[in-house]
Undergrad: 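The structure follows.
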Amino acid sequence: MVLPFNRLLKAAAVSAALLLGPAAYAAEADTQVLAEGDTNIAQLRDLGRDLRALLRPEIGFPEAYVGAWQSAVDEAFAPALLEADYLQALDAALMQDSRAAAVAYLQSDLAKQLAAQTTTMDPDGTLSFEEEVAKAAKIIEAASSAQNALYVDLFERQHGPETANAIMDAYYRMMKTGAEPIIGAEAADAWVAGIGSTLRDQYVEGYFAATSAGYSTVDPVLLRELAQALAEPDLAAYSLQASQAFSQALDAAADRLAVAYAKAVADL
């Protein structure tokens, strides 16, 4: 079982504005723009939904433990908690200039045009991991060398490799969390080790393919404008800080999951 990565380009949920003073309200308004436009929050939520399928009866896990796991995942990956963790981590690291650059970009015509033209490999959520990767790979293979070079540049500027690896780090950790109460620590370690680096490599490659294939319907002129925008120091800083905040929020969710699952299992 691997974590599907469909719906990774969805828009994030709206963060409610607070009743604050004028200066604080302005900062909160900026945070709301980030919450609405930054796809990392939606990605965290989608990962939680997909993670529910990690333990399944058909691969040997008792139904009682599967129910406990799904309940723990729902608790640990509650959308409100994910958004709060991500925005808190982002606020702690974000400089005012990079915040302003991100808000300006998300409100720009370029961002709106990109959002309108970007596609997803699995809009209905019906494809398997393998089917989605295969579909995306065909699109990438058909692209010109210049297009692929641009896709690679955009993937790296948006810290795609770091994000994909952070997901896999957490995934391996949560695999052990889920299996250990059932098969013991040694067998759980063996399960994780048995996957080795192959799954990680496949996931990073598939993450790149799906992200890049999503750009295949975008006007190349817009993609070059995006690359130029991401090269600006303030927006580049935001991209890095957002990637780091994503990892921190994912780690926090994994911590909650370990606690919630242990409690749920203790009640069996």
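Just so it is clear, the model here is predicted, and its values are computed rather than measured.
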Undergrad: With F208, which residues qualify under ring pair (Phe, Tyr, Trp, His ring centres under 6.0 Å), at least two apart?
TA: F155
Undergrad: Do F77 and L82 have side-chain heavy atoms sitting under 4.5 Å apart?
TA: yes
Undergrad: So, taking the atom named CG in N40 and the one named CG in L87, what distance separates them when rounded to the nearest 0.5 Å?
TA: 10.0 Å
Undergrad: Would you check if the side chain of S239 reaches a backbone N or O of A236 as a donor-acceptor pair within less than 3.5 Å?
TA: no
Undergrad: Between T211 (side chain only) and Y207 (backbone N and O only), is there a donor and an acceptor less than 3.5 Å apart?
TA: yes
Undergrad: Can you tell me how far CG of L90 sits from CG of D38, rounded to the nearest 0.5 angstrom?
TA: 7.0 Å
Undergrad: Which atom pair, heavy atoms only, marks the closest approach of A166 to L250?
TA: O-CD2, 3.6 Å
Undergrad: State plainly whether one hydrophobic cluster holds both V73 and L81, where clusters connect Ile, Leu, Val, Met, Phe, Trp and Tyr through side-chain heavy atoms under 4.5 angstrom apart.
TA: no
Undergrad: Looking at A102 and L34, what are the two nearest heavy atoms and their distance?
TA: CB-CD2, 3.8 Å
Undergrad: What is the minimum heavy-atom distance between A242 and Y86, and which atoms define it?
TA: CB-OH, 3.3 Å
Undergrad: Check the hydrophobic clustering (I, L, V, M, F, W, Y; side-chain heavy atoms under 4.5 Å; chains of links allowed) and say if L110 and L235 are grouped together.
TA: yes
Undergrad: Would you sort out whether E75 and V259 count as a side-chain contact (heavy atoms from CB on, under 4.5 Å), showing the intermediate values?
TA: CA-CA 10 Å; E75 179 179 339; V259 174; over 6 Å; no
Undergrad: Any donor-acceptor pair under 3.5 Å linking the side chain of W69 with the backbone of L51?
TA: yes
Undergrad: Between Y238 and L94, is there a donor-acceptor pair closer than 3.5 Å when you use the side chain of the first and the backbone of the second?
TA: no
Undergrad: When hydrophobic residues are tied together by side-chain contacts of less than 4.5 Å, even through go-betweens, does L240 share a cluster with V103?
TA: no
Undergrad: A253 and A76: which non-hydrogen atoms are nearest, and at how many Å?
TA: O-CB, 3.5 Å
Undergrad: If every non-hydrogen atom of A164 is compared with every non-hydrogen atom of V204, which pair is closest and at what distance?
TA: CB-CG2, 3.9 Å
Undergrad: Just jot down the side-chain contact (heavy atoms from CB on, under 4.5 Å) partners of A227, sequence neighbours excluded, or say none.
TA: L150, D153, L154
Undergrad: Can any side-chain N or O of D85 pair as donor or acceptor with the backbone N or O of Q248 at less than 3.5 Å?
TA: no
Undergrad: Can a donor-acceptor pair be found, under 3.5 Å and without considering hydrogens, that links the side chain of S216 to the backbone of S212?
TA: no
Undergrad: Apply side-chain contact (heavy atoms from CB on, under 4.5 Å) to M175 and L54, showing your working.
TA: CA-CA 7 Å; M175 282 179 64; L54 174 60; 4.0 Å; yes
Undergrad: Go through the steps for T163 and Q158 under the test side-chain contact (heavy atoms from CB on, under 4.5 Å), then give the verdict.
TA: CA-CA 9 Å; T163 297; Q158 296 177 88; over 6 Å; no
Undergrad: Can you tell if the side chain of R173 reaches within under 4.5 Å of the side chain of D251, non-hydrogen atoms only?
TA: yes
Undergrad: Roughly how far, to the nearest 0.5 Å, is CD of Q88 from CG of D91?
TA: 8.0 Å
Undergrad: Quick one: side-chain hydrogen bond (donor to acceptor under 3.5 Å, both in side chains) partners of R200, sequence neighbours excluded?
TA: N165, D169
Undergrad: How would you list, by chain and number, every residue that makes a side-chain contact (heavy atoms from CB on, under 4.5 Å) with T217, sequence neighbours excluded?
TA: T119
Undergrad: Should W191 and L199 be counted in the same cluster of Ile, Leu, Val, Met, Phe, Trp and Tyr side chains packed under 4.5 Å apart?
TA: yes
Undergrad: Would you list the pairs meeting ring-ring contact (aromatic ring centres under 6.0 Å, His included) in which at least one residue belongs to residues 91-118, sequence neighbours left out?
TA: none
Undergrad: Rounded to the nearest 0.5 Å, what separates atom CD in E180 from atom CG in D189?
TA: 7.0 Å
Undergrad: Measuring from D97:CG to E232:CD, what's the distance to the nearest 0.5 Å?
TA: 12.5 Å
Undergrad: Find out if a path of hydrophobic residues (ILVMFWY) with successive side-chain heavy-atom gaps under 4.5 Å connects Y215 to V221.
TA: no
Undergrad: Of all heavy-atom pairs between Y261 and P181, which one has the smallest distance, and what is that distance?
TA: CE2-CG, 3.5 Å
Undergrad: The test is side-chain contact (heavy atoms from CB on, under 4.5 Å); show your working for Y65 and V265 and say whether it passes.
TA: CA-CA 7 Å; Y65 283 88; V265 167; 3.7 Å; yes
Undergrad: Distance check, rounded to the nearest 0.5 Å: D255 atom CG versus M174 atom CE?
TA: 10.5 Å
Undergrad: List in chain and number order the residues that pass side-chain contact (heavy atoms from CB on, under 4.5 Å) with Q113, two or more places apart in sequence or in another chain; answer none if no residue qualifies.
TA: D109, L222
